[in-house]
Amino acid sequence: MKTRHTSPLPIFLYLLLCIVITPIFIWLGFKHAQFLHDLSYFKYIFLAPLTKLFMSIYYWLNFKYYIDNEKIIIQKGIFNISQRQFLIKNVRQSNQHTPIIFRIFKHTNLVVDTGVNSDEEGTLNFNCISLIECKRIKDLINLGGTNESKYSLKQFIKGDFIANQNERLLFKTNILDVMLSSLTSINIVAYISIIAIVTSVIDNINLRHYLPNFIYTYIKNSTLFWSTATILAFCFLLINQFIIYGNFKLLDDKDTFYSINGFIEHRTNSFKKIYIKTIAIRQNLIMQLLGIHTVETYSASPAIPQDNNANRNTFLPFIKTTPMYENLHQFFPKFSFKNIALENNSALLKRLSIIFFVPFIILLIIAIAKQNLYIFIICGVILISYLIQIIHMIFTNIIISKNTIISRTGMLNKICLYTLISDVEFFAIKQGPLQWLLNTYSITIVIRKSPVAFITIPFIPPIKKQELLDELKKDKTSKNILI
């Protein structure tokens, strides 16, 4: 058994960086000796690449591997050597990430989920291997369908990929939908906040002493300045979204889905169909207005339990409603896909408002009468808590359609999760003090082997709670816990 090292390319890159930086420090030592006495400069400019160099050497010496058609053997250690063996048949997926510097040298990073749960050793990181070696590994672990093109400069610039003859193209993003979806509520709030902060700074600082006259005049003409800044910010969001998802493609063969995206940093994800446990449909505020969705799949639990994104894959980004449901019904026939509407329970809203507003009004009257700051703060806390509970009550819902649990959460960022009842590990019905006053319950559903982990829906009326329990109990593998 002959083990292999990963590529020494990072060692040579960091060594080259240190060789470039060292003469600069020597020159500064002769010309400006005081500069080298500033430890902060020395630490961040010179020690950072030097530390990376030693870490790269350690990783290269510490990590070896052997792969054949049946098993993966990982050997770690320089002096104290240990080996671990993983079966190829248990491998769930692979994630390939190629930064721009690696593309130049025809190298890439590959992460393989071996199917070992609750063990950080179950995720194998092949940091910096050649594209040829990456293809060999993916072919051996039966996830080798789609690979990066590596033959011509034109293919390199375009970011082309090579698919095998058994694959079929399932989906390709629409450029207009990608760019329209680049605006999010978070981006808009952040931009407005920056405008407010910068405007106040400009008004309080006399910029005439620091800037040329034409630039100062341009900034003081706030309408022109902020119009230009808004256009530039919008263009940046469009370009950034386009660079990531503009060339997104979804392919599949008999057993595996393949997703590819990225013009600058390439990503190629391969994930087996049998391990997909949950489908998530996401929409930010702009996407809700435009009727655009992003579909994600969650495979069986990642090897690192804390990393909930390890087995989360973008499946159908920026797709309209009708083609989305058509594709989902075709790709996942076992699931029942339907839109989940908001429930209008006016009586429950009235009871919740009474519970919060009675103490709020009483405390507000006392605060105004006594001019007590602490009571005002308590009133603010009650009001914020009320708004949070209202959002949870209005914008969360859960239904069971045929064999699928469908949940909806979120106001500005809407998320709908679709999970088969057969994958439910157990569910819990809870009733806290507030729920008791409202005569409602919350339900928590734990999904077997899924990084979604659990779904919690509050404020469920008794009748609906009983309906959910009856549907869940039909599956003999699930267990009910009543708290």
Side-chain angles (χ1 to χ4, degrees), residues 277-283 288 298 321 325 328-329 332 334-360 382 384-448 450 452-483:
K277 297 294 181 181
T278 301
I279 313 296
I281 300 177
R282 298 175 180 270
Q283 290 178 291
Q288 292 181 52
Y298 289 84
T321 304
Y325 282 117
L328 288 177
H329 284 298
F332 305 102
K334 292 183 179 180
F335 286 77
S336 174
F337 293 100
K338 63 182 296 185
N339 186 34
I340 179 169
L342 299 177
E343 288 192 345
N344 182 16
N345 196 330
S346 57
L348 193 59
L349 287 172
K350 290 177 182 178
R351 291 203 299 269
L352 182 65
S353 300
I354 292 172
I355 291 172
F356 274 92
F357 270 98
V358 168
F360 173 78
I382 293 175
I384 293 172
S385 300
Y386 169 73
L387 294 175
I388 292 173
Q389 297 301 330
I390 284 291
I391 291 173
H392 286 166
M393 181 180 292
I394 295 176
F395 294 98
T396 59
N397 195 10
I398 185 171
I399 63 172
I400 294 180
S401 176
K402 297 181 180 178
N403 60 341
T404 306
I405 300 172
I406 308 173
S407 65
R408 182 202 193 281
T409 58
M411 179 178 67
L412 298 179
N413 291 309
K414 175 185 173 184
I415 304 174
C416 292
L417 298 177
Y418 298 79
T419 303
L420 295 176
I421 296 179
S422 58
D423 288 325
V424 173
E425 186 70 31
F426 68 88
F427 55 92
I429 304 295
K430 298 182 180 181
Q431 188 181 52
L434 180 60
Q435 304 264 26
W436 178 77
L437 290 172
L438 295 171
N439 190 25
T440 60
Y441 302 84
S442 65
I443 183 170
T444 299
I445 299 174
V446 179
I447 310 301
R448 181 185 303 126
S450 173
V452 174
F454 58 87
I455 303 167
T456 299
I457 304 295
F459 304 113
I460 298 177
I463 297 176
K464 186 173 182 178
K465 180 206 75 169
Q466 192 58 47
E467 293 175 353
L468 291 172
L469 288 178
D470 293 340
E471 291 290 338
L472 289 170
K473 287 178 180 178
K474 289 180 181 179
D475 180 17
K476 298 179 181 179
T477 61
S478 63
K479 301 175 183 178
N480 178 30
I481 298 178
L482 180 60
I483 300 178

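Keep in mind that what you see is a predicted model, and the values were worked out from it rather than measured.
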What pair of heavy atoms forms the shortest contact from K334 to T404, and how long is it?
->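 Heavy atoms only, the tightest pair is O-OG1, 4.3 Å.
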Using the six-membered ring wherever Trp is involved, compare the ring planes of F337 and Y418 and label them parallel, tilted or perpendicular (cut-offs 30° and 60°).
->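 Judged by the thresholds at 30° and 60°, the geometry between F337 and Y418 is tilted.
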Mind checking what makes side chain to side chain contact (heavy atoms under 4.5 Å, CB included) contact with [X], not counting sequence neighbours?
X: Q466; value: L469, D470
X: K338; value: I399, S401, I406
X: P462; value: N439, Y441

Evaluate the criterion side chain to side chain contact (heavy atoms under 4.5 Å, CB included) for residue pair F356 and S385; output intermediate values, then yes/no.
-> CA-CA 9 Å; F356 274 92; S385 300; 3.9 Å; yes
Could you check if a side-chain atom of [X] sits within less than 4.5 angstrom of a side-chain atom of [Y], using non-hydrogen atoms only?
X: T456; Y: I445; answer: no
X: R408; Y: K414; answer: yes
X: R351; Y: L348; answer: yes

Between atom [atom1] of [X] and atom [atom2] of [Y], what is the distance when rounded to the nearest 0.5 Å?
X: I429; Y: I460; atom1: CD1; atom2: CD1; value: 6.5 Å
X: W436; Y: L438; atom1: CH2; atom2: CG; value: 11.0 Å
X: I457; Y: T444; atom1: CD1; atom2: OG1; value: 9.0 Å
X: L420; Y: K277; atom1: CG; atom2: NZ; value: 8.0 Å
X: F335; Y: I405; atom1: CZ; atom2: CD1; value: 10.5 Å
X: L437; Y: Q435; atom1: CG; atom2: CD; value: 10.0 Å

May I have the list of side-chain donor-acceptor pairs in residues 387-397 shorter than 3.5 Å, sequence neighbours left out?
unit_1, atom_1, unit_2, atom_2, d
T396, OG1, H392, O, 2.3
N397, OD1, K464, NZ, 2.3
N397, ND2, A341, O, 2.8

Run through I340, I400, I415, L417 and flag the one making a side-chain contact (heavy atoms from CB on, under 4.5 Å) with S407.
->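 Output: one option passes, namely L417.
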Could I get the full list of ring-ring contact (aromatic ring centres under 6.0 Å, His included) partners for F360, not counting sequence neighbours?
->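 With neighbours one apart ignored, the set is F357.
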Would you say the side-chain atoms of Y386 and S353 include a donor-acceptor pair closer than 3.5 Å?
->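 Yes, side-chain donor-acceptor contact under 3.5 Å.
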Any sub-3.5 Å donor-acceptor pair from E471's side-chain atoms to I421's backbone N or O?
->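 Side chain of E471 to backbone of I421, a donor-acceptor pair under 3.5 Å: no, none is there.
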Is a side-chain donor or acceptor of Q431 paired with a backbone partner of T440 at a separation under 3.5 angstrom?
->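 Yes; at least one donor-acceptor contact below 3.5 Å.
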Can you name the residues that form a salt bridge (Lys or Arg N to Asp or Glu O under 4.0 Å) with R282, not counting sequence neighbours?
->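 Counting only residues at least two positions away or on another chain, R282 forms a salt bridge (Lys or Arg N to Asp or Glu O under 4.0 Å) with E296.
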